[in-house]
Amino acid sequence: MTDQPPTPEQFRQLVNDIEAEVGRVIVGQQALIRQTLITLLAGGNALLEGVPGLGKTMLVRTLSQTIDCSFSRIQFTPDLMPSDIVGTNLIVEDESGRRQFQFEAGPIFANLILADEINRATPKTQSAMLEAMQEHSVTVAKATRSLPEPFFVLATQNPLEMEGTYPLPEAQLDRFFFKIDVPFPAIAELVEIADRTTAAGSPSAGQITQGQTILEMQKLARAVPIAPHVTEFAAQLLTATHPGQPSTPQIVQDYVRYGASPRGLQAMVLAGKIFALIDGRFNVAYDDIRNASLPAMRHRLILNFDAQAEGITADQIITHLGEQISVKA
Amino acid sequence: MMELETYLSQFRRRIRLQDTLAMLQTTLWIPAALAIAIQIIGRLIPVPDLAVWTVIPFPVWLIVVAGLGWLAPKSLMTAARNVDQALGLKERLSTALAFTNIDPKLTSSNLLSGLIIRQREDALRAAAAVHPEQDLPIPWHWKPAVVGLTLLVISLLLTQIRNPMTLLLQERAAIKEQAQAQAEKIEAFKESVEESAQLTDEEKQELIKKLEQLAEALRNNPGDLEQAIADLSRFEEALRRDMDPSLGSTETLLQSFANRLSELAGSQDESGKQDSASEALQALSEKLDDMSPAEREQLARNLAQMAASSFQLGNNSLGQSLSDLAQAIQAGDKDAAQQAAIASQASMKELEKQISSQQAIQAALAQAQASRQALSQTAKSTSPNSGQAGAQNPGAAPGSGAQPGAGGGSFANQLPPARGGRTNVRPQGNAADAPLGSLDNQVYSPWERPGTSENELFIPGQELQEGETTSIEGQSPQAGIANPSLVPYNQVFFQYLSAANQAMQKDFIPGDLRDFVRDYFASLEPGN
């Protein structure tokens, strides 16, 4: 690829190629791959929630291979310290015997980071990680160091083993562009997984593009025009998640404690633009917003006790809102 | 970019047509339901021009729907969004239109300008592929349309079903027409009153004012029989207040005086007019010298009797002058007789004037009764119950003359309905003109006496010797002489019957005696 920004057609083709290449390694999980790729192209970070062994690490590793980017995996544990992530200054002795501090970069200095089971680390470590996610830079000993671009963090958390974990606070969850649910594979997919991973040769993904192209694609995605009424629809959808307002649907009044933040609107609009480009369009449609609303807002809604007691999920509420909010012509 | 707007203008016309037709289908039930409601209302209360009112909701509905469909503001953006939504164009047209005013060359980002241009091209392609007639078909909302059509059919059927209120409306129209005709007659009568010399100017103006008010009330009558009857009754009541019930007797008395004076004067004039009586009085006073004492005594006695009759009727002035004349004749005082004769003549003329005024009022009263009769006949002829008893004409029977209790049939076993009767109505039959021989069939009928504070009760009296005074109240001034209190029996029978009926309904009569009373009144029915 050259430094020229890709055309919309090239954008679409690249996305399809990357998905296909990743699909050679990851069986099924098309929605997971698509949403992960959209998060990467939006310049955000994704939080994956799913049981262990569903291919999350494999997904990030394969993705890094297809875009020719560096990859790091950080296994979060309670004793993990921030310096273990961002790096630290070490005293080294040079050839002349003189001692000086030398920064030893941590695993975060990579393009694609897999923060595995992020909820097992202490809040202090989580904060260091999330600061890097937000600022794309780390500060060690008063020295701020930029992280390589593209910078993409894919954090995971296990929804089952909650003992001894430090659930991410809502303010920190809000920093994730998407929260992507990793469903358990179907039987056919499991069979395929078994076949692929137990054969003599394991499939591997080839390079499709490079990191610089990803950055250009991010710029292109942001340039997609969106009509004011479509943006307004996204805003209505977001506003509808806030209880206590006259126009709020009853389901929100009943089950939601706090609605989504404006970051949710940003995520919906930006993801909608990428959905449009992938769909071969040059404008954002209502459906793009609806498609983006689930991963963009599900971790931004704070449900009340009634919802937890009755088994109402954020996905149900967001889906209901997407159907209920009318598109006025 | 004009091309996109051209496309959108076409789409907008098509969408307007769609909206209008959809609105017609979904709102047809509204005018149909209104038409049904109007028809139902028209069967509960009389509604003039019911067919017109039934039809009116439909043109109004059409105008409103067409106005909303074709004149309501619908921007190109609205049309673009409608087409995007209807054809699943993923907001291509509306986005392109939203960025119409943004010049791609002026945008800061080359990427944005390039994408805007590409988006416009994409939208144009999408718009060019749309064929409004095929892709934007006329919507059919079967369910509301069927409901609306069903209601429409029901409303049409209702218009074909006989409406019982139609007869009532016809009756009202006939009554209104009759009221107009009677108003014209009263106007004509008013003109005759204006030319009449029987009344003084003040009386004339008062009567004309009442006639004008009555004519105006009848002219404005919407076809309400009861209102018309009430207007006539008020008019009659007002006239009756101005009438003196004793003047009929006075008129008879004056005629009697005229005849007797003419006989005494030896006049050949048999007309019996007061002018002849006054001449006879004058001649009698001039013949006094030629009369023997016996003749003067006889003449004085006759004049004294006349004076007594005048006092009995309350004509004190005439009675006093006749009494003076009798005394002058008896005394042979010619000058005094002349003066007394002149005074008597003046009193007679004054009474004549009063009688003439009463006759004019009587004529007005007769006109009002004729109008009442005409209205009642009109109501009977147009009423679907015209074969039943004439109780719809309250108060019309007394004094109306020829048709008391019209349509009443036999009352042998059942009393007529009470609502037909009006009590205490002064009989208006011109009984004074009836021959004396018919008095056998006449009975006393009470009327509403003017016994109010304004009109004191009239009690005729006569001074006797030693300061004694006799008074007679409520009796005929002269037995056997026809007067307004005597009316034919068949005119008052139903009035009494009605009163008896009311009394029976109000438990004035013990239950075990009602049959007896009913039989008694049945036995009194004229012809039994």
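Bear in mind the structure is a predicted one, so any value in this text is a computation, not a measurement. A note on names: the letters A, B, ... follow the listed sequences, proteins ahead of strands, and every chain is numbered from 1.
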A.B. asks: Got more than 12 heavy atoms from elsewhere within 6.0 Å of CD, A/Gln245?
C.D. replies: yes
A.B. asks: Would you mind checking which part of A/Pro225 comes under 4.5 Å of any heavy atom in chain B, side chain (CB onward), backbone (N, CA, C, O), both or neither?
C.D. replies: both
A.B. asks: Measure distances from A/Val230 to the heavy atoms of chain B and classify the residue's part below 4.5 Å as side chain, backbone, both or neither.
C.D. replies: side chain
A.B. asks: Search all heavy atoms of A/Phe282 against all heavy atoms of B/Gln119 and return the closest pair with its distance.
C.D. replies: O-CG, 3.4 Å
A.B. asks: Can B/Asp122 and A/Arg281 be counted as an ion pair, charged N to O under 4.0 angstrom?
C.D. replies: no
A.B. asks: For B/Lys90 and A/Ala285, work out which heavy atoms get closest and say how close.
C.D. replies: O-CB, 3.5 Å
A.B. asks: Please round to the nearest 0.5 Å and tell me the distance separating atom OH of A/Tyr286 and atom CG of B/Asp84.
C.D. replies: 8.0 Å
A.B. asks: Does a donor on one side chain and an acceptor on the other come within less than 3.5 Å for A/Asn283 and B/Glu91?
C.D. replies: no
A.B. asks: For A/His136, check ring-ring contact (aromatic ring centres under 6.0 Å, His included) against everything at least two apart and list the hits.
C.D. replies: A/Phe151
A.B. asks: What distance separates A/Arg222 CZ from B/Leu115 CG, expressed to the nearest 0.5 Å?
C.D. replies: 14.0 Å
A.B. asks: Any chance CH2 of B/Trp61 has more than 12 other-residue heavy atoms, nucleotides or ligands included, within less than 6.0 Å?
C.D. replies: yes
